[in-house]
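Below, chains carry the letters A, B, ... as their sequence lines are ordered, and counting in each starts from 1. Keep in mind the model is a prediction, meaning the values are calculated, not measured.
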Number of protein chains: 2
Amino acid sequence: MSAKRVRRASKTSLPSIYDVAERASVSVFTVSAVINKSHQVSVRLRRRVETAIKELDYRPNLLARSLAKRHTHTIGIIVPDISNPFFPLIVRGVEDSAQNAGYSTFLCNSDDRQEKEEQYLELLLSKRVDGILLTKTHEPLSPVQRRILSDTKVPVVLMMRTCRGFNTDAVVTDDFHGAFEAGAHLARLGYQKIGLVSGPLDVSNGRARKQGFLKALKAHHLPSDESLMVEGDYRVESGYRAGLTLLPKRPQAVFVANYLMTTGFMKAAEEIGMRCPDDFGLVSFDDYPWLGCFHPRLTTIDLPKYEVGVEATCVLLQRIKGMTGRPTVRTLTPQLVVRESCGFSLRIKENRAKPEVATVGDQNPFVPVLQFRENDGNNLERTKI
Amino acid sequence: MSAKRVRRASKTSLPSIYDVAERASVSVFTVSAVINKSHQVSVRLRRRVETAIKELDYRPNLLARSLAKRHTHTIGIIVPDISNPFFPLIVRGVEDSAQNAGYSTFLCNSDDRQEKEEQYLELLLSKRVDGILLTKTHEPLSPVQRRILSDTKVPVVLMMRTCRGFNTDAVVTDDFHGAFEAGAHLARLGYQKIGLVSGPLDVSNGRARKQGFLKALKAHHLPSDESLMVEGDYRVESGYRAGLTLLPKRPQAVFVANYLMTTGFMKAAEEIGMRCPDDFGLVSFDDYPWLGCFHPRLTTIDLPKYEVGVEATCVLLQRIKGMTGRPTVRTLTPQLVVRESCGFSLRIKENRAKPEVATVGDQNPFVPVLQFRENDGNNLERTKI
DNA sequence: TTGTAGGCGTTATCAA
DNA sequence: TTGATAACGCCTACAA
């Protein structure tokens, strides 16, 4: 029974800790000890082990290690779609800070579909990830998901979207105030008939962005005309259709709740033959480095995407390390970036803006943020950090 | 020795196959058999096992499974930077087809740095991925990497960039012909003094794009003026600097070898006060769905990014399944997308274009591809497939 | 300081 | 068809 560990001829597969031990004429314990620096090992033996490792080109099997130690040093991350330009930066934030802490990440795309989300949740759990970062689909937590997430103690933190009935940590951007700023900016520029292309109202930040906008209208004593508000789904196509229905009503300005929809909206405007900002002002939500390079240069609410990833990872890692306490929601502050699509300079020139209306918040929208952002390109926006 | 498997109280951690076996009063073999459908099991036992699984909310431990089966059904993918808009779609292509085949993917960012690349290669190997998809950094394969990749039989397939001295499968886009088309298009429009902002020349596709461009000049009997060519590194900043040095020389047109650099280039043009396409024509490399929505609407060479991911995964999966044979290089065809930055309509109007110059290839550049692309937004460009 | 041997949760072989 | 039981490769008491 003791000789059973004479072990395989090592030609069969990759070298194991036993092969190293044999070659160095030590026990597996010693090998393990030097690899993990978990115990003091005499220099002599250590040397022998190290050279054996080199000679064999030994590489520890992380599967076995994880199995034995019961944690994988891996976190799972589920986003709707990595090819939606909104998510790469979040993911990058996650990976950077995870790697920094010695964790690696497993990426999944849910396509915003409950079914895929469930499936991936199962997979991640089966792979025994230590924690999960999740941008929930628009659907509420299903019973299955609830069971999945409850009967295991794998910590989950939500990103960008909260989920009613799912009381867990979350890191989001302050979309309410962001949208408020967007609406307020438009109002201060003297626009009175302002339209809205909102995100899906069954998503927390879709609601928040609409409510913030409405609040701004109210704060500036502007009527809120439901006929000027159309609900989109954050996708290009819905922005396009929104433009087709909204633009003919001749709004003076419009707030579009994300970049993809803005993209579609502009396309519609072009087809209809309306120009921005000449024929209508526009503020978009979420910023990208290339937005300052093409026309109309978009005025936006910049969301700290990378930071969302970083913060979410930070919280998750703490939970993994055993932090207890009630779930927390961390809210990151977005920022108004004034360029030209809002018609800023136009309105100023025409003296239509109303600087007398009090600026809400500490932001002075009359200081255009037009300077070139130094990005290193490959690492795109991260230099903002 | 036989009773040793009475096993833990199951409160300690997640239920194992033993817990299921015990509860169903069967052996672990039976449980394993029903889970994997690997053997015939009588309905009676199967039922018992299935209900036990439900009741315990048992979830197989993939770590243990992988350890025993010696494969993980996981592939690693290393790209320079997921937050560079070029890569998300490739990654998406990979994930989709991998998942389709029952594989999951592990994403890593090398930041185009040899060091991180090596580090991640080690990690992936330690995690025992079944194969690796790699977009090599600009540096050549290091001795370490060579050893890493050789002494293990984990198949590797290169994406987008080949690597001299590293003879393995690869899936790339035909950048030579893409760049040729770009240059030829400009030449046919009657431009004579054409500048180039190339990618890094130590990257295979950086070279290819330059050479294709030069070939086009030659084909159209245009002189190639080295002073009009500047080498960038694919990043925004380098495009910006290139613009600053190139534009004052008043080129009639310019070919910029990727999107990020184009972005910087446009910024420079704006600062200098030159307008596109009025003051200079421009063709960019690599297309994005939003390019048709802002001005100047970029004329580009569209790269089938998603397909690169799909094809690469396909090859890799075959290798994993044991396909032998010499390494192959699959080359995907890019496509000229004519919009307005090249000055197409301007030149036509002014009668400066030279339609008499033979069109090279089957592409007719005088058919502007301006129609709205139907994208579903969240899944962005993938609808092109 | 070093070694021995059992356990982590599966699969797989060989009997029964 | 089922059941024991030995791998898989690593960690870690417990001993020495």
In chain order, what residues pass the side-chain contact (heavy atoms from CB on, under 4.5 Å) check against B:Gln318, with sequence neighbours excluded?
B:Cys314, B:Met323
With sequence neighbours excluded, tell me which residues meet side-chain contact (heavy atoms from CB on, under 4.5 Å) with A:Ala68.
none
Has the side chain of A:Ser204 got a donor or acceptor atom that lies under 3.5 Å from a matching backbone atom of A:Thr162?
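Flag set: sc A:Ser204 to bb A:Thr162 pair under 3.5 Å.
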A:Ile75 backbone acceptor or donor facing A:Asp130 side chain under 3.5 Å
no
If we check side-chain contact (heavy atoms from CB on, under 4.5 Å) with A:Glu118, which of these qualifies: A:Lys116, A:Gln114, A:Glu115?
A:Gln114
Out of B:Val129, B:Leu107, B:Leu134, which residue meets the side-chain contact (heavy atoms from CB on, under 4.5 Å) rule with B:Ile77?
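Among B:Val129, B:Leu107, B:Leu134, the one that satisfies the side-chain contact (heavy atoms from CB on, under 4.5 Å) with B:Ile77 is B:Leu107.
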Per [X] side chain, nearest of listed nucleotides [options]:
X	options	value
A:Leu67	C:dT10, D:dT2, D:dG9	D:dG9
B:Arg65	D:dT1, C:dG9, C:dT11	C:dT11
A:Ser27	C:dT2, D:dG9, D:dT2	C:dT2

Applying salt bridge (Lys or Arg N to Asp or Glu O under 4.0 Å), which residue pairs with at least one partner in residues 131-140 of chain B are found, sequence neighbours left out?
B:Glu117-B:Lys136
Enumerate the residue pairs fulfilling salt bridge (Lys or Arg N to Asp or Glu O under 4.0 Å) with a member in residues 36-46 of chain A, sequence neighbours excluded, ordered by first and then second residue.
none
For DNA chain D, which residues in residues 31-39 of chain A have a heavy atom at a distance below 4.0 Å?
A:Ser32, A:Asn36
For B:Arg128, salt bridge (Lys or Arg N to Asp or Glu O under 4.0 Å) partners two or more places apart
none
Just to verify, what does B:Arg147 make a salt bridge (Lys or Arg N to Asp or Glu O under 4.0 Å) with, not counting sequence neighbours?
A:Asp57, B:Asp151
Can you tell me how far [atom2] of [N] sits from [atom1] of [X], to the nearest Å?
X	N	atom1	atom2	value
B:Arg46	D:dT1	CZ	C1'	12 Å
B:Asp19	C:dG7	CG	P	15 Å
A:His73	D:dC11	NE2	P	12 Å
A:Leu56	D:dG9	CG	C1'	14 Å
B:Lys127	D:dC8	NZ	C1'	18 Å
A:Ile17	C:dA5	CD1	P	16 Å
B:Leu62	C:dG9	CG	P	14 Å
B:His71	C:dA12	NE2	C1'	13 Å

Report yes if a side-chain nitrogen or oxygen of [X] is closer than 4.0 Å to either non-bridging phosphate oxygen (OP1 or OP2) of [N]; otherwise report no.
X	N	answer
A:Tyr18	D:dC11	no
B:Thr30	D:dG3	yes
B:Ser13	C:dC8	no

For DNA chain C, whose closest nucleotide is more 5', that of A:Leu45 or that of B:Leu63?
A:Leu45
Specify the angle, to 10°, made by the local axes at the two ends of the helix from C:dT1-D:dA16 to C:dA16-D:dT1 when five pairs are taken at each end.
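Helix axis angle between the two ends: 40°.
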Would you mind classifying the nucleic acid contact of [X] as base, sugar-phosphate or nothing, using non-hydrogen atoms under 4.0 angstrom?
X	result
B:Arg59	sugar-phosphate
B:Val26	sugar-phosphate
A:Val41	sugar-phosphate

Ring pair (Phe, Tyr, Trp, His ring centres under 6.0 Å) partners of residues 22-44 of chain B, not counting sequence neighbours, each pair once:
B:Phe29-B:His39
Pair listing, ring pair (Phe, Tyr, Trp, His ring centres under 6.0 Å) test, anchored in residues 112-147 of chain B, at least two apart:
none
Dump the pairs, protein N or O against N or O of nucleotides 14-16 of chain C, anything under 3.5 Å, distances to one decimal.
none

Which residues pass the side chain to side chain donor-acceptor pair (under 3.5 Å) test with A:Ser97, not counting sequence neighbours?
none
On DNA chain D, nearest-nucleotide positions of B:Ala64 versus B:Arg48: which is more 5'?
B:Arg48
